[in-house]
J.: 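Have a look at this one.
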Amino acid sequence: MSEESRDFIRKMVASDVLAGVNGGSVVTRFPPEPNGFLHIGHAKAICLDFGVAEEFGGTCNLRFDDTNPTTEDERYARAIEEDIRWLGFDWNGPSRYASDYFERLYGHAVQLIKDGLAYVDSSSEAEIREYRGTVTKPGRPSPHRDRPVEESLALFGRMRSGEFEDGTYVLRARIDMAAPNMKMRDPLLYRIRHATHHRTGDEWCIYPMYDWAHPLSDAIEGITHSLCTLEFLDNRTLYDWVVDNTRPHVESGELGAWQPRPHQTESARLNLDYTVMSKRKLAELVSEDRVDGWDDPRMPTLAGLRRRGVRPEAIRRFCDLIGVAKADNRVDIGTLEHAIRDDLNRTAPRVMCVLRPLRVEIENYPEGKTEELEAPYFPSDVGLQGSRTVPFSRVLLIERTDFEQDPPKGFYRLAPGREVRLRYAYLITCNDVVRDSETGEVVELRCTYDPETRGGSTPDGRNVRGTIHWVSCEESLPCEVRLYDRLFFEPNPEEDADFHEHLNPTSLVIVPEARVEPSVAEDAPGTHYQFERLGYFVRDSDTGDEGRPVYNRTVELKDPWARRLQDDLRLTEQLIVKVEKADREEAPAGEDTGRQARDELRARRPELATRFERYMSELGLPEEDADLLSGDVAVADLFEGALVVHDSPRGVANWIVNELLRELKDREIESLPFGGEEIGRLVALVEDGTISGRTAKDVFARLVREGGDPREIVRAEGVEQISDPAALRAIVEGAIDGHPEQAARYRAGQSGLLGFFVGQVMRETGGRANPEVLQRLVREKLG
RNA sequence: UGGCCCGUGGUGUAACCGGCAACACACUUGGCUCUGGACCAAGAGAUUCCUGGUUCGAACCCAGGCGGGCCAACCA
């Protein structure tokens, strides 16, 4: 992973390591629930979790999040382990299980109750839902919210010992029923479930919820970076609450003293074109027999991909290609296919297989003769060695689609009277076409071969454009080939209520009577090939009729010829997308909610309303600025404080609105180590020309960090503005001489490069150059 | 209707603390070739969601808007 194009997560981890957070150690975890098979979306997470650990010299745990006994099973856990190993990753130590921590989790819960932060609720499920409120309506406290600690403790103990039925009691955290974040409205921590757990059996009848088990498991395992997907964003507040309100050592420990203290970071999950990714929908495809199990080659599961013939290297490469970010995405299936082809192109030996055979008799080739022709496994550009021989005889089989009675324009395969090359063999010419007397179907081609062209070369140097694959009729092996295509024909099948409607009925086409060259006979299942000119295939573990080998098509070769037909369609699609894009936007201004809030505040506090008016009438500020400045007492005070030392309403307003408001997004104005006076001083320095606007931003940043007098900072740093052309001239010349290519482009009319040169000099001078003077100089020099 | 997250070529991502909008896939054309593959070369494709503002200079900072997503399981 290159330094400059790292994703935001790796940047964050790198900066943590650099800052020595947790002594610079990195511990991640991959936490699947063992209730289904891993799919390519999980592969993205795996590559992230294990990849980050690997790249920063850390470790990654495998932890099964097995807190819901009714859906989980050991056999899924084993399959998940197999898939992770197959991808090429190994976890630190043994597989871990949230269920290993049930006793400790219980202890932490007891402590939480003692700390007054949790209570046992005997409301019904419906009541709890009712009391929780909605996204727009705050919730109301449960009648049991203030149950005495002793009572909750006793009840919780009885929940554990199995005295109560499912659904009668739950343990809840006591947080805030009116929180705008729904996750914080007294979330459930434990529920009663009289069910046999796949690992703990009947030892427990209460089970922790995800939001309780997950942060604690992370903390217990010493996870430093807990990476997950975007839909857990709201859970992070609760995650932090749990970590901060529990003690590493129950009873004696200090609150929130976990070391390392785990932090959750979210990134977007993978969405892929033409498939579904939700576990529920995948399970549905399996249970409804739309596919042949979790490892059906059409499934986006790792088991399916593997059976399809995709190698783990391709999947890891794909994960590299798509990157990691926070924007919702839908990745083009072509990107996956590219990764697969790229991998197989470099590794899969080439052999010949004919899918839909057409008989070819070479009339001038001796009957009964067979010669073994040398055929390399790889083309020279791949660089791998190895070859086998293929038998050539009088009767051959070629691909039916490689012959056309009336060849269309641009077709350069076989046609009556035309010559093509049989790959690795001879040039043949088609002389005659034999048809079925009743159906008129072409059943055989009668050809002649040129004995001088053995191995495919042309001694006379004639150029033959077409080369087709073939097998010997006699020696080739019958085999079954399964052609897989995308499962859905809609790019986003999940968009509509019923994704079944978009199922592609021809996602599997079975070719029962294909013929493959004999060299592959003894190869093991799982062997990858390129069937020349057709695509990449893998030998399946199934066998077909009469013990025939079965081959799965992994992916087709790129085929511009075949694509010609679809081009018109494709073009229309793109046009439609463009039109849609042009249609949206340009919406009229709606209501200004921030403005509304400030107006309401001013209505309640007349002194702010007065200031608002005064800022406009007396100070001549535009309404928008006046509104912002008078929407908060502290901001208004700071503004006026600045005016006392520097009476430039417009300048000061700009600085407060544009720079200060940014800082106020995630901190309180009171916590700033400076006040209005400093802002006034800073603006004064800019306006009297002492420092450039650029420098002022640096000074401001410093002010935010540590406070101080701007005049002092400028003096100490020696960052006064350079306005003397004589002082700048040499630097400008240096910048121009140092970038002759850009200078030439500028002179050629690329005027946007002016900023580039200004930037160069700014960098050189630490932002001290007077931009106007500088710009004039650059323009002069570049003529 | 509340809170939070996110908007950059067709797609996925980059772009240091404001200074040449970059890379990969896909696409087009040409070259090479015993695979209509691979490879090589060239090319096209972006009003950085919109409107204002700040700045010599904005994808990036400020304000507002628009659009998309997530959250109201005793699932994870």
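Computation of the quantities below employed the complete heavy-atom set of this structure, encompassing side-chain atoms and omitting hydrogens, waters and symmetry-equivalent molecules. Numbered from 1 within each chain, the chains take letters A, B, ... in sequence-line order.
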J.: Counting Watson-Crick and G-U wobble pairs whose two distances are both under 3.5 Å, find the runs of 3 or more in a row that involve RNA chain B.
T.: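 If one scans RNA chain B for consecutive Watson-Crick or G-U pairs, the stems found are B:2-7 with B:66-71, B:10-13 with B:22-25, B:27-31 with B:39-43, B:49-53 with B:61-65.
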J.: Is the distance from OP1 or OP2 of C74(B) to the nearest side-chain N or O of Arg132(A) less than 4.0 Å?
T.: yes
J.: Are any of Arg191(A)'s side-chain N or O atoms less than 4.0 Å away from OP1 or OP2 of A76(B)?
T.: yes
J.: Would you classify A26(B) as syn or anti? Syn applies when the glycosidic angle is within 90° of 0.
T.: anti
J.: Between the base of G3(B) and the side chain of Asp234(A), is there a donor and acceptor pair under 3.5 angstrom?
T.: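 Indeed there is one.
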J.: Identify, with sequence neighbours excluded, every residue that meets ring pair (Phe, Tyr, Trp, His ring centres under 6.0 Å) alongside Tyr424(A).
T.: none
J.: Would you please confirm or rule out a distance under 4.0 Å between OP1 or OP2 of A63(B) and any side-chain N or O of Lys665(A)?
T.: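 It does, given that an N or O in the side chain of Lys665(A) lies less than 4.0 Å from OP1 or OP2 of A63(B).
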J.: Does one side chain, of Tyr239(A) or Gln264(A), offer a donor that lies under 3.5 Å from an acceptor on the other?
T.: no
J.: If only side-chain N and O atoms of Thr67(A) are considered, is one of them under 4.0 Å from the OP1 or OP2 phosphate oxygen of A76(B)?
T.: yes
J.: Using O4'-C1'-N9-C4 for purines and O4'-C1'-N1-C2 for pyrimidines, with syn meaning within 90° of 0, is C17(B) syn or anti?
T.: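 Classified syn.
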J.: So does Arg745(A) have more than 12 non-hydrogen atoms from other groups sitting under 6.0 Å from CZ?
T.: yes
J.: OP1 or OP2 of G36(B) less than 4.0 angstrom from a side-chain nitrogen or oxygen of Arg533(A), does that happen here?
T.: yes
J.: Establish, with yes or no, whether the OP1 or OP2 oxygen of G37(B) is under 4.0 angstrom from a side-chain nitrogen or oxygen of Lys558(A).
T.: no
J.: On a whole-Å scale, what distance lies between the C1' atoms belonging to C50(B) and G12(B)?
T.: 24 Å
J.: Closest to the Arg650(A) side chain: G53(B), C5(B), A76(B)?
T.: G53(B)
